[in-house]
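When reading the values below, keep in mind they use all heavy atoms of this one structure, side chains included, and skip hydrogens, waters and symmetry mates. Please read these numbers as outputs of a predicted model, since none were measured by experiment.
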Amino acid sequence: MLRIAVPNKGSLSGPASAMLHEAGYRQRKESKELVVIDPDNEVEFFYLRPKDIAIYVASGKLDIGITGRDLLLDSGASAEEILALNFGRSTFRYATRPGTASGPEDFGGMTIATSYEGIVAKHLADQGIDASVVHLDGAVETAIQLGVAQVIADVVETGTSLRNAGLEVIGEPILTSEAVVVRRHGAPDDHPQVQQFLRRLQGVLVARSYVMMDYDCRAEHLEQAVALTPGLESPTVSPLHNEGWVAVRAMVPAKEAQRIMDDLYEIGARAILTTAIHACRL
Ligand SMILES: Nc1ncnc2c1ncn2[C@@H]1O[C@H](COP(=O)(O)OP(=O)(O)OP(=O)(O)O)[C@@H](O)[C@H]1O
Ligand SMILES: O=P(O)(O)OC[C@H]1O[C@H](OP(=O)(O)OP(=O)(O)O)[C@H](O)[C@@H]1O
Ligand SMILES: [Mg+2]
C-alpha cells in the first residue's frame with residue numbers, strides 16, 4: 001500500500017482532496033475521517049495537519065504527502081518537492097505599518113511576529129539582520145496593533161487581511177508558494193506506485209489547463225494553422241472528403257483558446273471547436 005498524507009484542514013484541504021478525486025482516488029466523505037483506504041488503487045490516505053506533513057514524510061512512515069512549499073521549507077524536515085500542483089498559491093512577505101521601515105535592512109532590534117519561524121529565522125540570518133522572532137499561531141496581523149511586534153511575516157494571498165489591519169508589504173517576497181507533492185530526501189525516484197501517482201496528478205494538471213481544439217482548413221494554410229496550434233507533440237492532420245481541405249486536432253492552453261480561435265478564423269479555418277479534456281496521460 002502506498003501511504004499518502006493529505007491536508008485535513010485549511011486552505012489546501014479541499015483543493016487537495018478535489019484533485020485526488022479527479023485523479024481517480026477515493027477520498028473521505030466527511031471531515032472527521034482521518035484515514036481512508038482505497039483498495040482498488042492500493043493507497044492509504046492519512047489526513048494530517050498541513051504543517052506536520054513534511055515531518056511525517058521525512059520520517060519515512062509515509063511515502064509522499066501534499067503540503068505547501070512554504071510549510072515544507074518552514075518545517076526544516078528532510079523532504080523535497082517533487083511536483084507543484086498549481087493551487088494554494090500565495091506569497092510569504094514582511095509587512096509593517098507605513099513608515100516603520102523602508103526594507104528588511106531596517107529590522108535590526110525589532111520584533112517580528114510570524115507563524116513561520118523557520119522561514120523567517122533563516123531569512124534574517126541569511127541577510128545578517130539581528131531581529132527577534134515571536135511565534136503566533138494565527139491572526140498575526142493584529143500583533144502590531146497590540147504592540148507585540150513592529151513587523152509581521154505572513155502568507156499573503158489577496159492582501160485583504162493586510163489592508164484591513166492598515167499594514168503594507170515591505171521588501172521583496174520572501175518566497176512564492178503553492179501546494180506541492182513531497183517525498184523524503186534521498187527516496188528512490190523509481191518507486192513504481194509513486195511514479196503512477198505523479199502521472200495521474202500530472203494528467204489532472206494538464207486536463208485542467210488544456211483544451212482539445214479541432215478545426216478544418218485549406219491545405220495551403222496548414223503550415224500557418226499548425227504554427228498557431230503546435231500541440232504538445234505535433235497536431236493530428238487528417239484529409240477531408242472535400243479535396244484541398246484538412247482536419248486538424250491539437251491540444252492548446254485553455255487560457256489562449258479564444259485568441260487562437262480568432263487567429264485561426266482569420267487565416268480561413270472553419271468549424272473550429274474546443275472540448276474539455278477530462279483526463280489524460282502524457
Ligand atoms: N489565504 C491563505 N491563507 C493561508 N494560507 C494560504 C492561503 N492561500 C494559500 N495558502 C497556503 O495554505 C497553506 C497554509 O495552510 P494552513 O492549513 O496551515 O493554514 P490556513 O489555510 O490559514 O488554515 P487555518 O484556518 O488552519 O489557519 C500554506 O501553504 C499557504 O501558503
Ligand atoms: O491575503 P489574504 O487573502 O487576506 O490571505 C492571507 C491571510 O489568510 C490567512 O489567515 P487565515 O484566515 O487563515 O487566519 P489565521 O491567520 O488565523 O491562520 C493568512 O495567515 C493571512 O492572514
Ligand atoms: Mg491560517
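Looking at Arg249 and Met213, their side chains never come closer than 4.5 Å, going by heavy atoms from C-beta outward. Side-chain atoms of Pro7 and Ile66, non-hydrogen and from C-beta on, do get closer than 4.5 Å to each other. Within the 4.5 Å cutoff, side-chain heavy atoms of Glu80 are placed close to those of Arg183. Between Phe45 and Ile37 there is no side-chain heavy-atom pair separated by less than 4.5 Å. Ile112 places none of its side-chain heavy atoms less than 4.5 Å from the side chain of Ile152. By the 4.5 Å heavy-atom criterion applied to side chains, Arg281 and Arg200 are counted as neighbours. Residues Asp40 and Arg26 form no side-chain contact, since every pair of their non-hydrogen atoms from C-beta on lies 4.5 Å or further apart. Residues Asp216 and Leu240 meet the side-chain proximity criterion, which asks for heavy atoms closer than 4.5 Å.
Residue-environment remark: CD (Glu220) exceeds the threshold of 12 foreign heavy atoms within 6.0 Å. Within 6.0 Å of NZ in Lys51 there are more than 12 heavy atoms belonging to other residues, nucleotides or ligands. By the neighbour-count criterion of 12 heavy atoms within 6.0 Å, atom CD of Glu42 is sparsely surrounded, having that number or fewer from other residues, nucleotides or ligands. Within a 6.0 Å sphere centred on CG of Asp126, heavy atoms belonging to other residues, nucleotides or ligands number more than 12.
Remark: the Gln27 side chain and the Ser17 side chain contain an N/O donor-acceptor pair separated by less than 3.5 Å. A donor atom on one side chain and an acceptor atom on the other are not found under 3.5 Å apart for Arg28 and Asn8. With no hydrogens or angles considered, no side-chain donor-acceptor pair links Ser13 and Tyr47 at under 3.5 Å. Defined by atom type and a distance below 3.5 Å, a donor-acceptor pair is present between the side-chain atoms of His135 and Glu117.
Once rounded to the nearest 0.5 Å, the distance linking CG of Leu20 with CD1 of Ile4 reads 7.0 Å. Going from atom CG of Asn242 over to atom CZ of Arg218 covers 9.0 Å, rounded to the nearest 0.5 Å. Rounded to the nearest 0.5 angstrom, Ile267 CD1 and Asp262 CG are separated by 12.0 Å.
The backbone N or O of Pro230 sits nowhere less than 3.5 Å from a side-chain atom of Ser234 that would complete a donor-acceptor pair. Looking at Thr100, its side chain never comes within 3.5 Å of a backbone N or O of Thr96 through a donor-acceptor pair. With Ser115 contributing its side chain and Leu136 its backbone, the two residues share a donor-acceptor pair below 3.5 Å.
The side chain to side chain donor-acceptor pair (under 3.5 Å) pairs that include a residue from residues 63-79 are Arg69-Glu81, Arg69-Glu178, Asp70-Ser177, where partners are two or more places apart or lie in different chains.
Aromatic rings from Tyr94 and His123 are positioned such that their centres are separated by under 6.0 Å. Separation of the Phe197 and Tyr25 ring centroids falls under the 6.0 Å cut-off.
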Quiz item: Going through the checks in order, is the ring-ring contact (aromatic ring centres under 6.0 Å, His included) test met by Tyr56 and Phe46?
Solution: CA-CA 10 Å; Tyr56 280 104; Phe46 293 83; 8.3 Å; no
Practice problem: Begin from the C-alpha positions of Val248 and Thr236 and carry the test side-chain contact (heavy atoms from CB on, under 4.5 Å) through to its verdict. | Solution: CA-CA 6 Å; Val248 185; Thr236 309; over 6 Å; no
Self-check item: Test log, rule side-chain contact (heavy atoms from CB on, under 4.5 Å), inputs Leu282 and Gln202
Solution: CA-CA 8 Å; Leu282 288 187; Gln202 273 156 346; over 6 Å; no
Please list every donor-acceptor pair under 3.5 Å in which a side-chain atom of residues 162-176 meets a protein atom from a residue at least two apart or in another chain.
from: Asn164; atom 1: ND2; to: Thr160; atom 2: O; distance (Å): 3.4

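Cation-pi geometry between Arg270 and Tyr215 is not met at under 6.0 angstrom from the ring centre and within 45 degrees of the axis.
Considering all non-hydrogen atoms of both residues, Leu48 and Ala5 come closest at CD1-CB, 3.9 Å.
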